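Structure first, then comments.
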Amino acid sequence: SRREGFNSIPNVKWEDVGGLDSLRKEFEKYIVNRIKYPEDYEEMGLQQEMGFLLYGPPGCGKTLIAKAVANEAGANFIHIKGPELLNKYVGESELAVRTIFSRARTCSPCILFFDEVDALTTMRGKEGGWVVERLVNQLLLELDGAEQRRGVYVIGATNRPEVMDRAILRPGRLGKLLYVPLPSPDERGLILKALAKKKPIDATVDLVAFGKNDSCSYLSGADLAALMDEAAMAAIEDKRQEQKSSNGTRCTIKTEHFDRALKKVPP
Ligand code: ATP
């Protein structure tokens, strides 16, 4: 597997993302089509690439959709984790930010994804002191440099938008705020179906109905992925049991396995 932060085109497709249709439409308009059909956008006199902030509870697909955007656009993806950047380069934070943007330019078109971006931009003077302050200033400098951002699309992600420095959220910077919510009952079904593509689900299982189940309330996409894996484990467990009596039954994941898995995944 690739080194963290290394640029490459991710292998996450739209169909791997369950729900989040309105976000997908936004990103098609602002990023994917702009990379695919730049002439249309130039004709309209659109200059600066836009920056985005995805915010919402953990595990609901912020990273996943950013990767799908890059895949769909055929763009490189650079994944930067806010807290790591801060810790790794103490005292060299401005240089680190400059280096990241310069790397993004050399592999444009490129999606530059800052995970836990709040760690880098917590309100000045409040928590982190001078390191964070200088980092924010460098980040603003890079985001404002229109020429330097050609073909570089910056997406930040956070669970705590309220602690972020307002300056970073202005138009032209991470100015487009997009909420990534917990899935609705119907969306839970869509997520389960997306996750099921890589697994042998029994034909008798109704994932849409299962997703609407009250005991799935408040589960995030990440929780549903964990549930799916627990169900797969339960199926394997049964296969082992059955093999002792009969020989070689096909191993599929059945509704009872999902029910058992539900008991293991905390709401
Ligand atoms: P965090 O805020 O904790 O970084 P996040 O919102 O970036 O979380 P992801 O990393 O995108 O969440 O999601 C974690 C995992 O949960 C994904 O790799 C995927 O397996 C599953 N998942 C989350 N949301 C979805 C979704 N909408 N469709 C399909 N799978 C999802």
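The analysis underlying the following values was restricted to heavy atoms, covering all of them including side chains, and did not include hydrogens, waters or symmetry mates. Only a predicted model underlies this, so the values are computations on that prediction, with no experimental measurement involved. Just so you know, ligand 1 is whichever comes first in the structure, and atom 1 is the first atom listed for that ligand.
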Can any side-chain N or O of Thr158 pair as donor or acceptor with the backbone N or O of Arg160 at less than 3.5 Å?
yes

Starting from Tyr179, can I reach Leu177 by hopping between I/L/V/M/F/W/Y residues whose side chains sit under 4.5 Å apart?
yes

Between Asp115 and ligand 1, which part of the residue brings a heavy atom under 4.0 Å of the ligand: side chain, backbone, both or neither?
side chain

Can you sort out which atoms of ligand 1 are near Ile191, meaning under 4.0 Å from one of its heavy atoms?
26 (C), 27 (N), 28 (N), 29 (C), 30 (N)

List the residues meeting salt bridge (Lys or Arg N to Asp or Glu O under 4.0 Å) with Asp202, not counting sequence neighbours, and say none if there are none.
none

Under 3.5 Å donor-acceptor, Arg173 side chain and Ala167 backbone
yes

Can you sort out which atoms of ligand 1 are near Val17, meaning under 4.0 Å from one of its heavy atoms?
28 (N)

Under the 3.5 angstrom rule, does the side chain of Asn71 hit a backbone N or O of Ala68 as a donor-acceptor pair?
no

From the candidates Ala194, Gly18, Gly221, the one that places a heavy atom nearest atom 27 (N) of ligand 1:
Gly18

Once you round to the nearest 0.5 Å, how far does CD of Glu72 lie from NZ of Lys36?
5.0 Å

Of the listed options (Ala157, Pro58, Gly61, Ala226), which comes nearest to atom 13 (O) of ligand 1 when hydrogens are ignored and any heavy atom counts?
Gly61

Heavy atoms only: which of Cys60, Ala66, Ser220 lies closest to atom 24 (N) of ligand 1?
Cys60

NZ of Lys199: more than 12 outside heavy atoms within 6.0 angstrom?
yes

Please list the nearest protein heavy atom to atom 7 (O) of ligand 1 with its residue and the distance rounded to 0.1 Å.
Thr63 OG1, 2.6 Å

What is the nearest protein non-hydrogen atom to atom 1 (P) of ligand 1, stated with its residue, atom name and distance?
Gly59 N, 3.7 Å

Taking 4.0 angstrom as the limit and counting only heavy atoms of Ala225, give me the atoms of ligand 1 inside it, by number and element.
20 (O)

Please list, in number order, the atoms of ligand 1 under 4.0 Å from a heavy atom of Asp16.
28 (N), 29 (C)

Keeping the roles fixed (side chain from Lys193, backbone from Leu207), state whether a donor-acceptor pair exists under 3.5 Å.
no

If only atom types and distance count, is the side chain of Lys62 paired as donor or acceptor with the main-chain N or O of Pro57 below 3.5 Å?
yes

Under 4.0 Å from ligand 1, counting heavy atoms only, is it the side chain of Asn159, its backbone, both or neither?
side chain

For atom 25 (C) of ligand 1, which protein heavy atom lies nearest, and how many Å away is it?
Leu64 CD2, 3.8 Å

Provide, to 0.1 Å, the distance between atom 16 (O) of ligand 1 and the closest protein heavy atom, together with that atom's residue and name.
Ala222 CA, 3.2 Å

